[in-house]
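Before any comments, here is the structure.
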Amino acid sequence: MSTSQERYAAALMNTFGPPQLVLSRGKGARVWDEDGREYVDLLGGIAVNALGHAHPAVVEAVTRQLSTLGHVSNFFASEPQITLAERLLDLIGPPTVVESARPGPPGSRGKVFFTNSGTEANEAALKLTRRTGRTHLVAAEGSFHGRTMGALALTGKAAYREPFEPLPGHVTFVPYGDPDALREAVTDRTAAVVLEPIQGEAGVVEPPAGYLETARAVTREHGTLLWLDEVQTGIGRTGSWFAAAQDPAVAPDVVTVAKGLGGGIPIGACLGIGPAGDLLQPGHHGTTFGGNPVACAAALAVIETIESEGLLDNALERGRELAEILRSQPEVVGVSGRGLLVGAALSGDFAPQVVRAGREAGFLLNATGPSRLRLAPPLVLADDDVRAFGDAGADILAAAQETP
Ligand SMILES: *Cc1c(COP(=O)(O)O)cnc(C)c1O
């Protein structure tokens, strides 16, 4: 064990287990550890480092904003915050569903609440759903919505929930991707249905075609909000700005984003679309740091760079290449996902060994379960990064199967 790892173990709570490496710098989709070893980062800080590491656009935006105005509190506004809220609403597009069942003035395209993380974006959304006057929620088995108590109450993984029960709320879990189960669970007392368009932490699980459209139809029928958690899938990850929130046939009322939004600077957002944007009123919610100018400036730089560098297309193309590499391995029995959110099902329970063999070969990979891998690399992933993985992939998988 290195000295840094001993110091880590002595000083940090053991919530994450021992760290795999101590990393000291990064550039693009490459990172270096404290011994100077180079790795291709195919995890991207768990779908966070959209522009990779040390991208000049983020460095410049943060530096400029921090040396101008770093923090003001929410008693005051700042230009980056207003512009970012407008940009996010632009990216979602106009609301296509306006229901009389919902309070608030008609005509607004929606409103944004900024947070510092994904779980906080979901807490804001959860509080927003309470303002419908209803408390029942429907969430999916296998879902992940965060670790704070409210978001945890909606998270489908019992092992995360059970040590902290009782959790708030009245939540019904339904099998993900099953439209009949959804139809049965939603009633006129359901405040919201919360779904990930693709389940990320579950191992990049896609619902069958038409599932989210059904969720929209069912919620509309009952005056229930449709809330999409795009914390992992949003901001270009799947090759479009959102995995589903822009789709007029899905047209959610609430969208939460975080991970990739700040390109590594902590920021999240809860978007209330159409009238849902007016459910939270003065005094209902707050945050000290949320929407701070530095984080908002970073997010604006991320969005501008995704546009100027054509990173939506890059995510699609590089994602297709990564999926192809995985699909061609005999140990891989299924590939899922879109753009640069790629899942691989293995022929046996050796995903942790693949992660270890990958690391030894100079690649940062992720196992979401005993037999599932997830890749969520930076959207700036380059040809030679993909080629390096293509050259090493077969050896990594073979080495993994030989290690216990
Ligand atoms: C990561 C994640 C969260 C939680 O975000 P944090 O920033 O870790 O709090 C919530 N929902 C989804 C879908 C996620 O992938």
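Start at 1 and go down the list; that is how both ligands and their atoms are numbered.
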### Query
Using a distance-only test with no angle check, is there a side-chain donor-acceptor pair under 3.5 angstrom linking N292 and H71?
no
### Query
side chain to side chain contact (heavy atoms under 4.5 Å, CB included) with L226: which of V250, V218, V255?
V250
### Task
Compile the protein residues with any heavy atom at a distance under 4.0 Å from an atom of ligand 1; present them by chain, then by number.
S117, G118, T119, N122, F144, H145, G146, E196, D229, V231, Q232, K259
### Message
Test of understanding: with side chain to side chain contact (heavy atoms under 4.5 Å, CB included), list the residues that count as partners of F76, not counting sequence neighbours.
### Response
V72, S73
### Message
According to side-chain hydrogen bond (donor to acceptor under 3.5 Å, both in side chains), who are the partners of Q246, at least two apart in sequence or on a separate chain?
### Response
none
### Query
Can you tell me how far CG of D385 sits from CD of E321, rounded to the nearest 0.5 angstrom?
11.0 Å
### Message
Among residues at least two apart in sequence or on other chains, which ones pass side-chain hydrogen bond (donor to acceptor under 3.5 Å, both in side chains) with E86?
### Response
none
